[in-house]
2 protein chains.
Amino acid sequence: MTNKIKAELIAGKLTEYEQLSKIYDDVIKQARPRLTVEGQGKILLALADEDHLSQRELATRLGMSPQSTSEFVYKLVKYNLVTLTKSPNDRRINLVNLTSAGREEIESAAQEVPPFIRVLSDTELDQLSSLLTKITTAMYTDIDAANSTLGIKLHKLFSSRYLKQFKK
Amino acid sequence: MTNKIKAELIAGKLTEYEQLSKIYDDVIKQARPRLTVEGQGKILLALADEDHLSQRELATRLGMSPQSTSEFVYKLVKYNLVTLTKSPNDRRINLVNLTSAGREEIESAAQEVPPFIRVLSDTELDQLSSLLTKITTAMYTDIDAANSTLGIKLHKLFSSRYLKQFKK
DNA sequence: CAATTTATTCAGGTGCCCTTACTATATATT
DNA sequence: AATATATAGTAAGGGCACCTGAATAAATTG
């Protein structure tokens, strides 16, 4: 098998994994909607990293339009997961603040280990970890090359989220 | 590091990969919308596996509602990627058929290897391949346990798609 | 043949995201 | 100070992927 074919195979398998993962979440886990890393979940994620950000700043960090940010923030306000306060320095600015319920929502979303991971041995877990790290590092590099600010922000976001356990 | 922590770490990394992957597609590849494995793309995928299916059958294989299926099929008709023909045996049935343009769309979507894969050595590709296979196999098992028909259909779909290169 | 099942469509809704205005508020320029 | 311009956010409307509930039309079945 040539390397090119092999790479294509992996690309396919990665895609398969991603697609399956969505279905898996639907079928197996009863994933709570606000805890995905989209829309409202994205906002919570960014606030978990740093609270009291302006909507503008959230939009920038998350790489989405301020209008969408506004929409999701508004929804989170409705669910009492965040509050809005006007910045005292600049009254144009709406600071977005996590409520205790919001903080709880994030906490409870802490790493749930999907059942399928059980099939990997300790050694395999190590291998996978190192491979994933290589891949994501390369992805960050590419994203960074295309849009340096976004790349950095995302990296920060994800590491604060997914490496949390080491900080404890 | 205990095995539990390790598993959590991997779970996090997998999530990170999935999230990054979305962003990566947006930022790096200028992914053609109809070729994703959602909505219209899902329909094309199923038709690539087997042409001339009824909408009902498509809905079942893809695990989505017949109404959604109808919507996406209709869109594909608008784009001239599929046509509809009434079944001669049962005039309630609309058979969905790929047009040559539709077939072309699928062909051209053939495995594009994302640039980040370049960072893996040959050995690492092999490792990753075997790990992913273990994971997806476990996922199929779990999905199957929850909903056996869906699991089987999906497996068929994905293998015909991603293992295509071996058949050639 | 009437009753029921089946395949599809219609209507309407949710969530995520975008673009194009438009409104405050701040800051810079004259 | 007065005006111009930049900035934070809102409003309105649209697209895409789904979903549910209710209609319709064509089987199938008793």
Side-chain angles (χ1 to χ4, degrees), chain A residues 18-19 22-23 25-27 30-46 52-79 81-97 150, chain B residues 18-19 22-23 25-27 30-46 52-79 81-97 150:
Chain A
E18 286 177 57
Q19 299 308 324
K22 284 187 214 165
I23 296 159
D25 283 355
D26 279 3
V27 176
Q30 53 297 55
R32 278 167 299 178
R34 282 198 293 284
L35 296 175
T36 63
V37 193
E38 288 178 346
Q40 305 170 49
K42 252 188 194 168
I43 308 281
L44 289 181
L45 180 57
H52 315 297
L53 296 170
S54 70
Q55 295 191 192
R56 176 84 241 170
E57 180 60 26
L58 280 171
T60 308
R61 293 199 186 189
L62 298 172
M64 58 184 183
S65 72
Q67 295 91 326
S68 299
T69 307
S70 175
E71 178 185 335
F72 300 131
V73 165
Y74 178 69
K75 286 177 180 170
L76 290 170
V77 168
K78 268 204 322 200
Y79 298 124
L81 298 177
V82 305
T83 57
L84 290 176
T85 49
K86 286 263 177 246
S87 158
N89 312 319
D90 185 337
R91 286 190 350 237
R92 291 170 306 178
I93 293 183
N94 259 341
L95 262 17
V96 185
N97 322 287
L150 184 58
Chain B
E18 285 177 57
Q19 299 309 324
K22 286 187 211 166
I23 296 160
D25 282 355
D26 279 2
V27 175
Q30 54 296 55
R32 277 169 300 177
R34 280 196 296 282
L35 298 174
T36 63
V37 193
E38 289 178 346
Q40 304 171 50
K42 253 188 193 167
I43 309 282
L44 289 180
L45 179 57
H52 316 298
L53 295 170
S54 70
Q55 295 191 191
R56 176 83 241 168
E57 180 61 26
L58 280 171
T60 308
R61 293 198 186 190
L62 298 172
M64 59 185 181
S65 73
Q67 294 95 321
S68 299
T69 307
S70 175
E71 177 187 337
F72 301 133
V73 166
Y74 179 70
K75 284 177 182 170
L76 290 170
V77 168
K78 269 202 325 198
Y79 298 127
L81 298 177
V82 305
T83 57
L84 290 176
T85 50
K86 285 262 176 251
S87 159
N89 311 321
D90 185 336
R91 285 188 352 235
R92 291 170 305 177
I93 293 182
N94 257 340
L95 262 15
V96 185
N97 321 287
L150 184 58

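A, B, ... follow the sequence lines: proteins, then strands. Residue 1 opens every chain. Basis for what follows: all heavy atoms, side chains included, without hydrogens, waters or symmetry-related copies.
- Put simply, the side chain of A:Thr60 gets close to the backbone of A:Arg56: a donor and an acceptor are under 3.5 Å apart.
- Between B:Ser70 and the phosphate of C:dT8, there is no side-chain N or O to OP1/OP2 separation shorter than 4.0 Å.
- Residue order along DNA chain C, read from the 5' end via each residue's closest nucleotide, puts B:Leu95 first among B:Leu95 and A:Arg91.
- Counting to the nearest Å, the P atom of C:dC17 and the CD atom of B:Gln19 are 10 Å from each other.
- For D:dA17, the OP1/OP2 oxygens have no side-chain nitrogen or oxygen of B:Ser68 closer than 4.0 Å.
- The CG atom of B:Asn94 sits 12 Å away from the P atom of D:dA27 (whole-angstrom rounding).
- Under 3.5 Å, the side chain of B:Glu71 and the base of D:dC18 form at least one donor-acceptor pair of N or O atoms.
- Residues A:Leu84 and A:Gln55 meet the side-chain proximity criterion, which asks for heavy atoms closer than 4.5 Å.
- A 4.5 Å side-chain heavy-atom check between B:Leu58 and B:Val96 finds at least one atom pair inside the cut-off.
- Note: CZ (A:Phe72) to C1' (D:dG9) measures 16 Å, nearest angstrom.
- Residue whose closest nucleotide on DNA chain C sits further toward the 5' end, between B:Leu84 and A:Pro88: B:Leu84.
- Side-chain to base pairing of B:Arg92 with C:dT8: no donor and acceptor N or O lie closer than 3.5 Å to each other.
- Here the side chains of B:Arg61 and B:Glu57 are in contact, with some heavy-atom distance below 4.5 Å.
- Between B:Lys86 atom NZ and C:dT9 atom C1' there is a gap of 10 Å when expressed in whole angstrom units.
- Distance, A:Leu62 CG to C:dC18 C1': 15 Å, rounded to whole Å.
- Remark: C1' of D:dA26 and CD1 of B:Ile93 are 10 Å apart, rounded to the nearest angstrom.
- Here the C1' atom of nucleotide C:dT9 and the NZ atom of B:Lys75 are 15 Å apart, to the nearest Å.
- The base of C:dT8 does not come close enough to the side chain of B:Gln67 for any donor and acceptor atom to sit less than 3.5 Å apart.
- Side-chain atoms of A:Gln40 and base atoms of C:dG15 include no donor and acceptor less than 3.5 Å apart.
- Considering all non-hydrogen atoms of both residues, B:Thr69 and B:Ala59 come closest at OG1-CB, 3.2 Å.
- Counting to the nearest Å, the C1' atom of D:dA12 and the OH atom of A:Tyr74 are 14 Å from each other.
- Contacts of A:Ser54 with the nucleic acid, taken as non-hydrogen atoms under 4.0 Å apart, involve only primed sugar atoms and P, OP1 or OP2.
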